Amino acid sequence: MQKTLIRDILSATSPAREVTVCGWIRTRRDGKGVTFLELNDGSCLTNLQCVVDAGTPALEGLGDNGTGAAIMVSGELVPSPGKGQAWEIQARAITVFGPADPERYPLQKKRHSDEFLRTIAHLRVRTNKYSAAFRIRSEAAYAIHSFFRSQGFYEVHCPVLTGSDCEGAGEMFRVTTLAPGERDLSKDFFNRACNLTVSGQLEAEALAMGLGRVYSFGPTFRAENSNTPRHAAEFLMVEPEMAFADLGDLMDLAENLVHSVTDSLLTSCATDISLFDRFVEKGLIDRLKVIASEPFARITYREAIEILKKSGRDFVYPVSYGTDLQTEHERYLAEEHFGRATIVTDYPREIKAFYMRNNDDGETVAAMDVLVPRIGELIGGSQREERLDLLEHRILELGQQLSDYDWYLDLRRFGTNPHAGFGLGFERLIMMLTGIANIRDVLPFPRTPGNLDF
RNA sequence: UCCCCAAUAGCUCAAUCGGCAGAGCGGGUGACUGUUAAUCACUAGGUUGGCGGUUCAAGUCCGUCUUGGGGAGCCA
């Protein structure tokens with residue numbers, strides 16, 4: 001049987017004698033002579049109106065099923081005489097696949113709070129807001145792949161299971177097959193400690209040293225006890241790594257990526273984004289147009305400190321050279337001072353990771369953070385230290401063992417070159433694109449401290 | 001992990017000074033209509049998050065735990 005997606009039906013240019021659609025009933029309105037169904041199949045935001053006349057086999061097939069039921073409707077596609085839709089289906093036959101008991105089905109024909117919908121994450125995709133959010137997720141991922149492909153990058157797949165426990169990106173989840181209480185790691189699956197990855201960066205660097213330009217796009221895990229609307233224990237990270245590139249190249253890449261993805265989403269997800277513009281964040285579309293077209297502000301850490309000092313603001317955390325920028329500082333820079341995406345570069349080496357390239361001034365490293373209004377840090381990256389002696393010195397300075405980084409140091413022993421990369425938090429990008437304020441609502445099944453349902 | 005706020009019907013929320021547990025939506029029943037957040041009438045629905053305390057009397061005050069939200073730290 002030929003089934004048509006509602007998305008395709010709604011863009012029809014002519015009537016059709018026989019179409020078949022499948023979907024879930026969103027609402028049902030009964031009259032004496034006619035019943036109206038709003039059918040949604042997830043292919044797009046808009047529902048398809050199905051008209052079921054009284055006394056027909058179609059109504060008999062429908063029975064008393066309403067909101068939430070999964071059905072198949074066959075009939076004629078005709079121009080709708082009513083207001084509100086161009087097309088409707090005059091139903092000839094209806095098959096019910098799965099009813100939804102209205103006394104127990106949690107989704108009603110009304111607005112629910114995000115907090116309530118999180119408790120039924122397995123069902124919330126059947127609402128307008130969440131189906132739109134997850135369609136945007138998919139389109140954003142597609143746009144990211146398209147961008148990198150157009151720039152000569154190859155996607156690489158970095159391992160989720162890692163023996164490295166010293167990447168310094170946060171607390172790690174331990175993975176083990178040992179029985180509870182057993183502590184002898186030599187008897188564990190890998191004969192050593194194993195963790196879930198916090199970043200594919202080190203592996204991506206290795207792959208960039210042969211493929212030139214690569215990016216990984218995969219899950220990462222942080223066992224931090226972070227309870228904020230911007231952190232999750234499992235999230236996707238986009239991590240490009242470029243050989244023969246410096247910090248300037250990296251900033252251009254980050255800016256072009258965000259421009260490109262935002263611009264293409266404004267077209268490919270126009271209907272879904274307009275939903276968020278109306279009901280979630282007023283003015284979202286205008287803000288996205290700015291993000292898609294305006295150059296990012298670019299300042300050094302030193303300049304950022306000067307701006308903050310001159311701001312006259314009474315910050316909770318005092319501003320001084322040498323300490324990291326706090327959330328309130330980042331927000332001031334991106335939201336108030338510049339009013340657009342802002343790249344801050346060249347942080348003091350003491351507050352950044354060991355692998356970042358030392359600048360010639362001896363005190364800063366070639367790091368960059370991309371700060372976005374309302375989101376905060378969307379991207380963090382750096383030019384990597386390609387000089388073996390300086391890298392070894394930095395590792396030892398931090399009290400770590402060179403042997404732990406043996407394979408990573410090989411990349412500097414053989415064919416080293418200036419290279420750079422960053423990590424982009426995919427969920428934060430989706431928050432930016434939708435205006436959704438809580439990361440738990442852009443992840444289909446969010447993992448946060450104490451929450452492992454579904 | 002720290003600070004602040006909240007928890008009452010399936011959902012969203014009221015309940016005055018501590019004094020009879022309420023509404024809208026949703027559900028059920030019926031009416032009506034090419035309807036579109038349909039409309040109208042009737043109706044069912046409660047151990048006020050758990051435990052303990054104060055009081056003649058606790059949804060309301062106190063302690064504690066749990067859960068959720070906001071802010072901070074950590075970061076993407």
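From a predicted model like this one, the values you see are computed outputs, not experimental measurements. Below, read A as the first sequence line, B as the second, and so on, with proteins coming before strands; counting in each chain starts at 1.
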Enquirer: Among B:rG34, B:rG71, B:rA76, which is the nearest nucleotide to the side chain of A:V51?
Expert: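 Among B:rG34, B:rG71, B:rA76, the one nearest the side chain of A:V51 is B:rG34.
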Enquirer: Any idea which of B:rU1, B:rC32, B:rA72 is nearest the A:Y317 side chain?
Expert: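 Looking only at side-chain atoms, A:Y317 lies closest to B:rA72.
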Enquirer: Tell me whether the NZ or CZ atom of A:R213 lies within the 45° cone about the ring axis of A:F148 and under 6.0 Å from its centre.
Expert: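 No cation-pi geometry.
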Enquirer: When the distance from CZ of A:F217 to P of B:rA76 is rounded to whole Å, what number comes out?
Expert: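 After rounding, the reported distance stands at 16 Å.
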Enquirer: Kindly point out which of B:rU36, B:rG69, B:rA76 is positioned nearest to the side chain of A:R440?
Expert: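 Nearest nucleotide to the side chain: B:rG69.
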Enquirer: Quantified in whole Å, what is the C1' atom distance between nucleotide B:rG50 and nucleotide B:rU67?
Expert: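 That atom pair is separated by 11 Å.
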Enquirer: From the set B:rG69, B:rU12, B:rC74, return the single nucleotide nearest to any side-chain atom of A:E224.
Expert: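 Of all the options, the side chain of A:E224 is nearest to B:rC74.
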Enquirer: Write down the distance separating the C1' atoms in B:rC75 and B:rU1, rounded off to the nearest Å.
Expert: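 Straight-line distance between the two C1' atoms is 15 Å.
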Enquirer: Quick check on RNA chain B: between A:T67 and A:A233, whose nearest nucleotide comes earlier from the 5' end?
Expert: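 Looking at RNA chain B, the more 5' nearest nucleotide goes with A:T67.
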Enquirer: Taking syn as a glycosidic torsion within 90° of 0 and anything else as anti, which one is B:rC17?
Expert: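 Classified syn.
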Enquirer: Counting N and O atoms only, with roles assigned by atom type, does the side chain of A:E281 sit under 3.5 Å from a partner on the main chain of A:F276, one being a donor and the other an acceptor?
Expert: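 No: the side chain of A:E281 does not pair with the backbone of A:F276.
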Enquirer: For the P atoms, the ones on B:rA57 and on B:rG68, what distance do you get once it is rounded to whole angstrom?
Expert: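 Between the two P atoms, the distance is 35 Å.
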Enquirer: Among residues 78-105 of chain A, which residues get a heavy atom nearer than 4.0 Å to RNA chain B?
Expert: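 Those residues are A:S80, A:P81, A:G82, A:K83, A:Q85, A:E88, A:Q90, A:P102, A:E103.
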Enquirer: Over 60° means perpendicular and under 30° means parallel, so tell me whether A:F217 and A:H145 are parallel, tilted or perpendicular.
Expert: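 The arrangement is tilted - the two ring planes meet at 30° to 60°.
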Enquirer: Considering only the P atoms, how many Å lie between B:rA58 and B:rG69, rounded to the nearest integer?
Expert: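 Rounded to whole Å, the distance is 32 Å.
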Enquirer: Checking A:R135 side chain against A:G42 main chain: does a donor-acceptor pair fall under 3.5 Å?
Expert: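 Yes, the answer is positive, given that a donor and an acceptor are paired below the 3.5 Å cut-off.
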Enquirer: Check every atom of B:rC75, B:rG73, B:rU35 against the side chain of A:F36 and return the nucleotide holding the closest atom.
Expert: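 It is B:rU35.
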Enquirer: Look only at the side chain of A:S226 and the backbone of A:T228, and say whether a donor-acceptor pair between them is shorter than 3.5 Å.
Expert: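 It does not hold such a pair.
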Enquirer: Using atom C1' in both nucleotides, what's the gap between B:rA44 and B:rG22 to the nearest angstrom?
Expert: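 Nearest-Å result for B:rA44 against B:rG22 at atom C1': 16 Å.
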Enquirer: Using the P atom as the reference point in each nucleotide, state the distance between B:rG18 and B:rU12 in Å, no decimals.
Expert: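 To the nearest whole Å, 28 Å.
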Enquirer: Taking only the side-chain heavy atoms of A:E377 (C-beta and beyond), determine which of B:rA76, B:rA72, B:rU12 contains the nearest atom.
Expert: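 Selected nucleotide: B:rA76.
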Enquirer: Would you call the rings of A:H259 and A:F296 parallel, tilted or perpendicular, where under 30° means parallel and over 60° means perpendicular?
Expert: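 Judged by the thresholds at 30° and 60°, the geometry between A:H259 and A:F296 is perpendicular.
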Enquirer: Ignoring hydrogens and angles, are the base of B:rC75 and the side chain of A:H231 linked by a donor-acceptor pair under 3.5 Å?
Expert: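 A donor-acceptor contact between them is present.
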Enquirer: Please report the interatomic distance NE2(A:H329) to CD1(A:I307), rounded to the nearest 0.5 Å.
Expert: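 Between A:H329 NE2 and A:I307 CD1, I get 13.0 Å after rounding to 0.5 Å.
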Enquirer: Would you write out the dot-bracket form of RNA chain B, 5' to 3', with Watson-Crick and G-U pairs under 3.5 Å, [ ] for crossing pairs, | for pairs to other strands and . for unpaired bases?
Expert: (((((((..((((.....[..)))).(((((.......))))).....(((((..]....))))))))))))....
Enquirer: Please verify the inter-ring angle class for A:F454 with A:F445; under 30° counts as parallel, over 60° as perpendicular, anything in between as tilted.
Expert: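 Rings of A:F454 and A:F445: tilted, as their planes differ by 30° to 60°.
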Enquirer: Could you check how far CG of A:L37 sits from P of B:rA37, rounded to whole Å?
Expert: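 My rounded result for the distance is 15 Å.
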Enquirer: Would you indicate which nucleotide in B:rA76, B:rG73, B:rC11 comes nearest to any side-chain atom of A:Q108?
Expert: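 Nucleotide nearest to A:Q108's side chain: B:rC11.
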Enquirer: Hey, is the side chain of A:D30 pairing donor to acceptor with the base of B:rU35 inside 3.5 Å?
Expert: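 There is none.
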Enquirer: Once you measure the plane-to-plane angle for A:Y332 and A:H337, does it fall in the parallel (<30°), tilted (30-60°) or perpendicular (>60°) bin?
Expert: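 Tilted.
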Enquirer: Please report the distance separating the P of B:rU16 from the corresponding atom of B:rA72, rounded so that it comes out in whole Å.
Expert: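 That atom pair is separated by 34 Å.
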Enquirer: Record whether the side chain of A:S226 comes under 3.5 Å of the base of B:rC74 through a donor-acceptor pair of N or O atoms.
Expert: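 Per atom types, the contact qualifies.
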Enquirer: Under 3.5 Å, side chain of A:R340 to main-chain N/O of A:P295, donor-acceptor pair present?
Expert: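 Yes.
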Enquirer: Of the nucleotides B:rC75, B:rU36, B:rA38, which has the atom closest to the A:Q49 side chain?
Expert: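 Among the listed nucleotides, the one closest to the side chain of A:Q49 is B:rU36.
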